[in-house]
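Here the structure comes first, spelled out in structure tokens, and everything after it is commentary.
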Amino acid sequence: QVQLVESGGGLVQAGGSLRLSCAASGNTFSNYAVGWFRQAPGKEREFVGRISRSGSSTFYANSVKGRFTISRDNAKNTVYLQMNSLKPGDTAVYYCAASRVLSTVVGGYNYWGQGTQVTVSS
């Protein structure tokens, strides 16, 4: 079992930056890959990016590539999502999720946080 808690969301102007954190507790965090997803009102939850267990491998959705960066600190049991050059279209609830395998789909993750709201104003 892994418990995940996101933080760092908020309101930011277009072009600004935010850093989200995903803090984990429970089983050994370094045994899990972590994905970030987002869900805008009326839309399905979509993949944003993921990071491997060691942090050596990352992969991003085309919509955020070059603007978002995922990193992790296994000593602190925390994964980060650095979001730069934010756009109004990035407005959504952002979720982190953990899995023992690398995945880019919602169904590939076993454990989820409660989400944190990110709102980008124009």
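Values below: all heavy atoms of this structure, side chains included; hydrogens, waters and symmetry mates excluded.
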Tyr60 to Thr58 - nearest heavy-atom pair and separation: CE1-OG1, 3.6 Å
Indicate yes or no for a side-chain donor-acceptor contact from Ser63 to the backbone of Ala61 under 3.5 Å, with no hydrogens or angles considered. no
Determine whether a donor-acceptor pair (N or O, by modelled atom type, separation under 3.5 Å) exists between the side chain of Asn74 and the backbone of Arg53. yes
Hydrophobic cluster membership, Leu18 vs Val79, 4.5 Å side-chain cutoff: yes
Output yes when a side-chain donor or acceptor of Glu6 lies under 3.5 Å from a complementary backbone atom of Gln114, and no otherwise. yes
If I take atom CD from residue Gln39 and atom CD from residue Gln117, how far apart are they, to the nearest 0.5 angstrom? 11.0 Å
Are Asp90 and Val118 side-chain neighbours, meaning at least one heavy-atom pair lies under 4.5 Å? no
Quick check on the hydrophobic clustering: are Ile51 and Val48 connected, directly or via other members, by side-chain heavy-atom contacts under 4.5 Å? yes
Centre of Phe37's six-membered ring, under 6.0 Å away, within 45 degrees of the axis: is that where NZ or CZ of Arg45 sits? no
Could you tell me whether a side-chain N or O of Ser99 sits under 3.5 Å from a main-chain N or O of Gly108, the two making a donor and an acceptor? yes
Given side chains that start at C-beta, do those of Leu11 and Ser121 come closer than 4.5 Å, heavy atoms only? yes
With side-chain contact (heavy atoms from CB on, under 4.5 Å) as the test, would you mind laying out the steps for Ser57 and Arg50 before giving the verdict? CA-CA 8 Å; Ser57 171; Arg50 62 94 177 131; 3.0 Å; yes
For the residue pair Ala33 and Leu102, what are the closest heavy atoms and their distance? CB-CD2, 3.7 Å
Same apolar cluster (I L V M F W Y, side chains within < 4.5 Å links), Tyr109/Leu81: no
Min side-chain heavy-atom separation Val12-Thr119 under 4.5 Å: no
Supply the atom-to-atom distance Leu20 CG to Ser7 OG, rounded to the nearest 0.5 angstrom. 7.5 Å
Could you pull out the closest heavy-atom pair between Ser85 and Ser17, with the gap in Å? N-OG, 4.3 Å
Using 0.5 Å steps for rounding, measure from the CG atom of Leu4 to the OH atom of Tyr111. 9.5 Å
Is there a path of hydrophobic side-chain contacts, each under 4.5 Å between heavy atoms of I/L/V/M/F/W/Y residues, joining Val93 to Val120? no
Counting only N and O atoms by type, is there a donor-acceptor contact under 3.5 Å from the side chain of Ser103 to the main-chain atoms of Val105? yes
Minimum heavy-atom separation for Val34 and Cys96, please, with both atom names. CG1-CB, 4.4 Å
Gln82 side chain vs Phe68 backbone, donor-acceptor pair below 3.5 Å: no
Has Tyr80 got a side-chain atom pairing as donor or acceptor with Arg19's backbone, closer than 3.5 angstrom? no
Is it the case that atom NZ in Lys76 sees more than 12 heavy atoms from other parts of the structure closer than 6.0 Å? no
Can you give me the closest heavy-atom contact between Val2 and Ala24, atom names plus distance? CG1-CB, 4.2 Å
Min side-chain heavy-atom separation Arg67-Lys87 under 4.5 Å: yes
Considering only heavy atoms from C-beta outward, does the side chain of Thr116 approach that of Tyr95 to under 4.5 Å? no
Chi angles and distances behind the side-chain contact (heavy atoms from CB on, under 4.5 Å) call for Ile70, Trp36: CA-CA 9 Å; Ile70 301 174; Trp36 283 96; 3.7 Å; yes
Looking at Tyr32, I'd like to know if the NZ or CZ of Arg100 sits under 6.0 Å from its six-membered ring centre while staying within 45 degrees of the ring's axis. yes
So Ser54 and Ser56, side chain to side chain donor-acceptor pair (under 3.5 Å) or not? Walk me through it. CA-CA 5 Å; Ser54 67; Ser56 62; 2.9 Å; yes
Is it possible for you to check whether Arg72 lies under 6.0 Å from the centre of the six-membered ring of Phe29, through NZ or CZ, and within 45° of that ring's axis? yes
Kindly indicate whether the side chain of Phe47, heavy atoms from C-beta on, has any atom under 4.5 Å from the side chain of Val106. no
